[in-house]
Asks: 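My structure is below; once you've seen it, I'll send some questions.
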Amino acid sequence: MEEEVKSLNFIEHIIEEDLSQGYSQEELRFRFPPEPNGYLHIGHASSICLNFGLGLKYNAPVNLRFDDTNPAKEEKEYVEAIKRDVEWLGYRWDSERYASDYFQQLYDWAVELIKMGKAYVDSQTSEEIAEQKGTPTEPGEESPYRSRSVEENLRLFEGMKNGEFEEGAHVLRAKIDMKSSNMLMRDPIMYRVLHKAHHRTNTDWCIYPMYDWTHGESDYIEQVSHSLCTLEFLPHRELYDWFLDQLVSEKKLRPKQREFARRNLSHTVVSKRKLLQLVESGVVSGWDDPRMPTISGLRRRGYTPESIRNFADTIGIAKRDNVVDVSLLEFHVREHLNKIAPRVMGVLNPLKVVITNYEEGKEEWLDAENNPEDDSAGNRKVPFSRELYIEQEDFREEANRKFFRLKLGGEVRLKNGYIIKAESCTKDEDGNVTEVQCTYDPKSKSGSGTEESLRKVKGTLHWVSIPHAIEAEVRLYDRLFTDATPDGYKDKDFMEFVNPASLNKVTGYLEPSLKNAKIGDRFQFQRLGYFNVDLDSTDEKMVFNRTVTLRDTWAKIEQKN
RNA sequence: UGGCCUAUGGUGUAAUUGGUAACACAGCUGAUUUUGGUUCAGUCGUUCAAGGUUCGAGUCCUUGUAGGCCAACCA
C-alpha cells in the first residue's frame, strides 16, 4: 500500500514545531468555544473539524466550551442545539465546559490584579470611556479614576459584585497602556455590571467578565495548549498574553492563541445577525430551513456529516481571505450520496404515456437494482402498467440527434423495463403535449437476456406507473442568493440578492416502495438528484427535499444553444 | 495620519522550509454506461509588481500595489 502523504496546514506546522521543541504529545489539548447565542453554521463546521480533527490526529482531548459570559444574549436552547450539531457531525468532546464555571476563579484573579495595581474601577459612562479611548491613529487618554487606591478599588469591585450599583455605574478595567497602538491594550474592560439572570448561574452574579478576560484564563484553567480562533481576534492576542502574564505559573502549561481565516461560502451569508434577519423576515421558515447554511439546515436538507467533514478537510485552513464556491460543498455531498443512497424512480413534471399494445389492467413487477455502486444493496420490485408518467422534458415531437430522449418515431429504454417507441401524441388547445401514445417491444424486458433486451438504444428514461404511484410534496431548492458574495457590497444590502425562486414546491409521483421511507432517509431519484424525507412528512402526505441535483451535462449542452 | 495581517491557475489549498510549482473542485475532449449519473483517460491554466541577495527565490531582503482587521460595558 502506498502511503498518501498528507501535507500539513500552518496550524499543524506550529504544533509539529512545538512538539519538536519540548511539548509532549500528552500536553496537547484543544477546545471548540462557541457562544450559545445562535445556531452553528457551515463556518463553525470548519472550526469544529479543525479542532476535533486535531484531537483525533494527535490523540488529544478536545473540550466543548461554551463562552457564556453575556447573559443578555445567551440561552440554554442554543446550548442544546450546539451539542446536537457537534455530535451529529460525528465528534465527541472530552469534557463539556462553561466559562461560567470559572466565574469565581476569574473574580478571585481579578482581585489579585487589583492588589497588584494592575486593575482599577472606572466610574465614568461608557461614552466618556469611549471618548478617551482615542482612535487607531490617535492615542487615548487616561481615566481620572485610573489612580484610585487599591483599597478603594477593592471596596468598589466588591460592591459591584454585591449588587450595590446600577448597570453602567462602574466597570473594572485592566491598567495597561492608553497610548498603545493596539486599541485593545488601552485599559480594556474586564467586568461590567449586568443585572440579568444567566442561563446557568441564574442571579448568583451581577457582574460578568468580558471575553478577553475570560477566554485565555479559561484556556489556562483547562490547560488548552493551542487556542485556535479566527483572524479578527489577532489583535486580541497581545491582551490574551498580557492577562496570562499576570497569573501563569511556571509549573503549568501556558496556552497559545493562534488565528486562522474564517471560511466564507459563496452564495450565502453566515453572520448571526443576517441569518436572524432571514428568519425574522420570513424569507426562510426557520434556522433549520433547508436553504440555510446552518448545520441544522444542512442536516435537514439531506447533507451527510461525512460530506461536510470531507468538505472542511478539502478546503483546509490558512490565513488569507477566501470565498469557497458552494459547488465544492455540493461535490462532496454527491460523492458521498452516490455511494450510499438507494436509487428510486419518481417523476416531478409528469407527462402521461400510454403503451397502446400493453394489455389493459395488466401489471408486472420488474426487478430494479437498488444501487449500482453497492453490490450489497440488493434489488427491489417496481410496478409496470399500461399508463405511465415520464418527465415532460423527456419528450419532444421532433429533435435533433443530440436529444437522446423520446421523440415521435424514436425509441427509448424505460429504466428497468421495456424499450418503447413513440407513435403519436395528443395536445391541448394551446399546443401543449398532454399524452404520448407508445408501443413497447414485449421481448425487450430488462434483464430477460433476450436478443431484444440486449439492443442498445441511446436513451434511458425513468418513469412511474400511474395507478401505483404515490403522490408527495417535493421541495426543490436553489441558491438562497443570486450573488456569490451577497454581503460583499458596501452600497448594497444583502437582502437585495435574495433569490425569489430559491424554493419550488411541486407534486411528485413516486414509485410505491417509497411508502416506507422514514424522516431523514436519503435516496437518489434517478436522473434527477438526491432527495431526503423532510421532517414535515406525515403518514398522509410525504414531503421530500432535494438535497442536490445530479451533475447535468445535458443542461450544459442545452444552455449553449 | 497609526499598528497589524494577507497576497500561488476561475475557486480552495499544498510545495520535503532556498532546489523540477502540485492536489481537489470547476471548465473542456474522448471512452465506458439500461441514470446525459458513476467510472476511466486526456486537456486547459498559476507564484501581485519592481528591484536585490544567491549557482538557484513562490519561499529571504527592500520598496510599492491591492485586500483585510483594529475605536461594543459583544464574542
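Remember, it's a predicted structure, so these values are computed and weren't measured experimentally.
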Asks: When the P atoms of C28(B) and C44(B) are compared, how many Å lie between them, rounded to an integer?
Replies: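 Per the computed distance, 16 Å lies between those P atoms.
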Asks: What nucleic acid atoms does G447(A) come within less than 4.0 Å of, heavy atoms only: base, sugar-phosphate, or nothing?
Replies: base
Asks: Between atom CD in E369(A) and atom C1' in G37(B), what is the gap in whole Å?
Replies: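 E369(A) atom CD is separated from G37(B) atom C1' by 13 Å.
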Asks: Say you pick atom C1' in U17(B) and the same atom in G30(B); how far apart are they, in whole Å?
Replies: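 One C1' to the other, the span is 41 Å.
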Asks: Rounding to an integer number of angstrom, what distance separates C23(B) and U33(B) when you compare their P atoms?
Replies: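 That atom pair is separated by 29 Å.
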Asks: Taking the side chain as every heavy atom from C-beta outward, state whether N416(A) and D367(A) have any atom pair closer than 4.5 Å.
Replies: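 A side-chain contact under 4.5 Å is absent here.
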Asks: Categorize T553(A) for me: base, sugar-phosphate, or nothing, with a 4.0 angstrom heavy-atom threshold over every strand shown.
Replies: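 Sugar-phosphate, no base atom in range.
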Asks: For C73(B) versus C61(B), give the span between their P atoms, rounded off to a whole number of Å.
Replies: 38 Å
Asks: With a 4.0 Å cut-off on heavy atoms, is R551(A) in touch with a base, just the backbone sugar-phosphate, or nothing at all?
Replies: sugar-phosphate
Asks: CD1 of I11(A) versus P of C5(B): gap in Å, rounded?
Replies: 16 Å
Asks: Rounded to the Å, how far apart are E238(A) CD and C5(B) P?
Replies: 12 Å
Asks: With the side chain counted from C-beta on, respond yes when D122(A) and H170(A) share a heavy-atom pair under 4.5 Å apart, and no when they do not.
Replies: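 They are not in side-chain contact.
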Asks: Given the P atoms of G64(B) and A57(B), what is the spacing between them in whole Å?
Replies: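 These two P atoms come out 24 Å apart once rounded.
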Asks: With rounding to whole Å, what would you report as the distance between G45(B) and A21(B) at their P atoms?
Replies: 15 Å
Asks: What nucleic acid atoms does R343(A) come within less than 4.0 Å of, heavy atoms only: base, sugar-phosphate, or nothing?
Replies: base
Asks: For U62(B), does the O4'-C1'-N9-C4 or O4'-C1'-N1-C2 angle fall within 90° of 0, making it syn, or is it anti?
Replies: anti
Asks: Under 4.0 Å between any heavy atoms, over every strand shown, what does K402(A) touch: base, sugar-phosphate, or nothing? Just pick one.
Replies: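 Base contact.
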Asks: Are D177(A) and R186(A) close enough, and set up right, to give a salt bridge (charged side-chain N to carboxylate O under 4.0 Å, His left out), and what steps lead you there?
Replies: CA-CA 5 Å; D177(A) 177 10; R186(A) 324 242 260 227; over 6 Å; no
Asks: What contact category does P372(A) fall into here, base, sugar-phosphate, or nothing, at under 4.0 angstrom with non-hydrogen atoms?
Replies: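 Base contact.
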Asks: Given the C1' atoms of C48(B) and A7(B), what is the spacing between them in whole Å?
Replies: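 To the nearest whole Å, 7 Å.
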Asks: Under 4.5 Å between any side-chain heavy atoms of R551(A) and F331(A), yes or no?
Replies: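 In short, these two side chains do not touch, never coming nearer than 4.5 Å.
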Asks: Would you mind building the protein contact string for nucleotides 12-24 of chain B? One character per nucleotide, 5' to 3', B for base within reach (heavy atoms under 4.0 Å), S for sugar-phosphate only, - for untouched.
Replies: SSSS-B-------
Asks: How does each nucleotide of nucleotides 69-75 of chain B score, in 5' to 3' order, for protein heavy atoms under 4.0 Å: base (B), sugar-phosphate only (S), or none (-)?
Replies: SSB-BBB
Asks: Should we say atom CD of Q21(A) is surrounded by more than 12 heavy atoms from elsewhere, each under 6.0 Å from it?
Replies: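 More than 12 heavy atoms, drawn from other residues, nucleotides or ligands, come within 6.0 Å of this atom.
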Asks: Tell me if a side-chain donor or acceptor on R173(A) pairs with a main-chain N or O of D187(A) at a distance below 3.5 Å.
Replies: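 Yes: the side chain of R173(A) pairs with the backbone of D187(A).
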Asks: I'd like to know if E393(A) reaches the base of G36(B) with its side chain such that a donor and an acceptor end up less than 3.5 angstrom apart.
Replies: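 Side chain to base: no pair present.
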Asks: Quick one: label F403(A) by what it contacts on the DNA or RNA (base, sugar-phosphate, nothing), any heavy atom closer than 4.0 Å.
Replies: base
Asks: When rounded to the nearest Å, what value does the distance between C1' atoms of U20(B) and U46(B) take?
Replies: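 Those two atoms are separated by 15 Å.
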Asks: Please tell me whether Q124(A) and S143(A) have a donor and an acceptor in their side chains that are separated by less than 3.5 angstrom.
Replies: yes
